[in-house]
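Step one of this worksheet: look at the structure below.
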There are 2 protein chains.
Amino acid sequence: MHTIYLVDDEVNLNRVLVKYLEQEGWQVKSFTSGEAAASAIIEKPDLWILDIMLPDLDGFQLIKRIKAHDETTPVIFISARDEDIDKIIGLEMGSDDYIAKPFLPRELVIRVKKILARAYATPKTGLIRYGDYTIYPEKRVIEENGQEIDLTSKEYDLLILFATQIGTPMSREQILVSVWGDDYFGSDRVVDDLVRRVRKKLSKLELETIYGIGYRLVAA
Amino acid sequence: MHTIYLVDDEVNLNRVLVKYLEQEGWQVKSFTSGEAAASAIIEKPDLWILDIMLPDLDGFQLIKRIKAHDETTPVIFISARDEDIDKIIGLEMGSDDYIAKPFLPRELVIRVKKILARAYATPKTGLIRYGDYTIYPEKRVIEENGQEIDLTSKEYDLLILFATQIGTPMSREQILVSVWGDDYFGSDRVVDDLVRRVRKKLSKLELETIYGIGYRLVAA
DNA sequence: AAGGATTTCCGCAGAATTATGGGAGAATCT
DNA sequence: AGATTCTCCCATAATTCTGCGGAAATCCTT
């Protein structure tokens, strides 16, 4: 389930949009001022929907802060003013989509779905970069500066697990389920072993140990 | 994997576009001047994206040189000026598509996908080269330096499957469905057998075993 | 700083997977 | 029909991967 933060000072529209978005099963939090929204950036929602015109901090300033905090967080702009729209497109504010007022809530929902799917789907196509490494998920290949590195299937599964969730700590339990499947009943020490093997082969991967918890991949 | 050369002197836009294009798994090289780009024509990228307005050599001169070098290389123009757009459409500069600024990176990616698909679709008629081998898909024939090699029908099906997906690992399941059809219920070890026979006949084909996964054809 | 808990490191045996050789039956060709 | 090729499958060999025990190192708490 995804969390969506909505920022729009028109309370009526705000209320309507929240209703529509919640109807899709998303968890929505709404703000009517830029400052209030800014202080919620650390909560890391899965998607931001920003109106450009806001009483205090405007949408452009807001997106800068959001992207500064996490480059990958998707943002959708909404605005009524043509010059804002031009600015969004022309200056490349880093938004993932925009929608011009007036619009049907239905339309917004469609865009949100699309953006969420793209941002949080394991990229079957496309690639993942991590420092000098380039990962081609669909080819089960990882290269270091063009030089392919051999990984066994479990090693690769682990890599993908972490590479698609950079920064998120993973418990041994989670790793076991993801790599071994939920029908594995051996010791969870095998995870340590697998981590060790991956670290050895991919020495530039910052696989951090979280004592008593598990592991996480630190952003490059 | 395709290589795309991008020429645009607006560094900001340039950087953003590179990011988006790389995300799709393409290899991107970017230039901020026409002269720099011109000297890279011999490197034969799979696609050029050209801004019209450039400090030295403009997009129109650039496309002439590109097409002179290889008529078939696809080119996409981008420009902000209406008169450029008119010129592109009216004078038939040989571009395969154009896109007016401002635009969303997403939009460009869609066009690029379309152009690449059109230009580099594995031709049903036409041939595939792999090292010393030349494959004529429509004739179901493969030659090694002009010398035809006999393959049985399943062997040929397997070859085509891999040759059209070079580098991508194929599970036994996928191979079974593709070569035998989805109504085959025997053991999937027949795949090993088929691979063995193809390897024997086409010894220069790097059909790699991926332990626990399946097989893949390594790029020549 | 000590002590217990947790993690890392190491090597190897056995488990799992794949390669190979050969044979029987099916399919195809003459 | 007979001959030839093709396909499937089995048994065995070869290979690769992985789990485990235990020792060493590291981390956290007191």
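All figures in this text were calculated on a predicted structure; none of them were measured in a lab. Lettering of chains follows the sequences in order, A, B, ..., and the numbering in each one begins at 1.
Rounded to whole Å, the distance from CD on Glu155(A) to C1' on dT18(D) is 10 Å. Put simply, CG on Asp150(A) is 13 Å from P on dT18(D), counting in whole angstrom units. When rounded to the nearest whole Å, the span between CG of Leu207(A) and P of dT7(C) equals 14 Å. What separates CD of Glu208(B) from C1' of dT15(D) is a distance of 15 Å, to the nearest Å. The NZ atom of Lys154(B) sits 13 Å away from the C1' atom of dT28(C) (whole-angstrom rounding). If you take CZ of Arg197(A) and C1' of dC17(D), they are 8 Å apart, rounded to a whole angstrom. The separation between Leu194(A) atom CG and dT7(C) atom C1' is 15 Å, rounded to whole Å. Taking atom CG of residue Asp188(B) and atom P of nucleotide dC9(D), one finds them 10 Å apart after rounding to whole Å.
Close to dC8(D), at under 4.0 Å from its OP1 or OP2, lies no side-chain N or O of Ser187(B). Look at Trp180(A) and you won't find any side-chain N or O under 4.0 angstrom from OP1 or OP2 of dT18(D). Between Ser153(B) and dC6(D), a side-chain N or O to OP1/OP2 separation shorter than 4.0 Å is absent.
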| request: For the pair Tyr215(A) and Phe162(A), evaluate ring pair (Phe, Tyr, Trp, His ring centres under 6.0 Å) and give the outcome as yes or no after the intermediate values. | output: CA-CA 9 Å; Tyr215(A) 300 92; Phe162(A) 280 108; 7.1 Å; no
| query | Reading nucleotides 16-27 of chain C from the 5' end, what letters show protein touch, with B for base, S for backbone sugar-phosphate only, - for no heavy atom under 4.0 Å? | reply | BSBSBBB-----
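Using the six-membered ring where Trp is involved, Tyr133(B) and Tyr130(B) have ring planes that are parallel, under 30° apart on the 30 and 60° scheme. Taking the six-membered ring where the residue is Trp, Phe31(B) and Tyr5(B) present tilted rings, their angle falling between 30° and 60°.
Looking at Arg216(A) and Gln165(A), their side chains never come closer than 4.5 Å, going by heavy atoms from C-beta outward. In this structure, Val7(A) and Ser30(A) have side chains that are not in contact, with every pair of non-hydrogen atoms separated by 4.5 Å or more.
Residue Asp70(B) qualifies as enclosed at atom CG: its count of foreign heavy atoms under 6.0 Å is above 12. Atom OH of Tyr20(A) has 12 or fewer heavy atoms from other residues, nucleotides or ligands within 6.0 Å. By the 6.0 Å contact criterion, CD on Gln147(A) is open, its count of non-hydrogen atoms from other residues, nucleotides or ligands being 12 or less. Within a 6.0 Å sphere centred on CD of Glu24(A), other residues, nucleotides and ligands contribute more than 12 heavy atoms.
Across the helix from dA1(C)-dT30(D) to dT30(C)-dA1(D), the helix axis at one end is tilted relative to the axis at the other end by 50° (nearest 10 degrees, each axis from five pairs).
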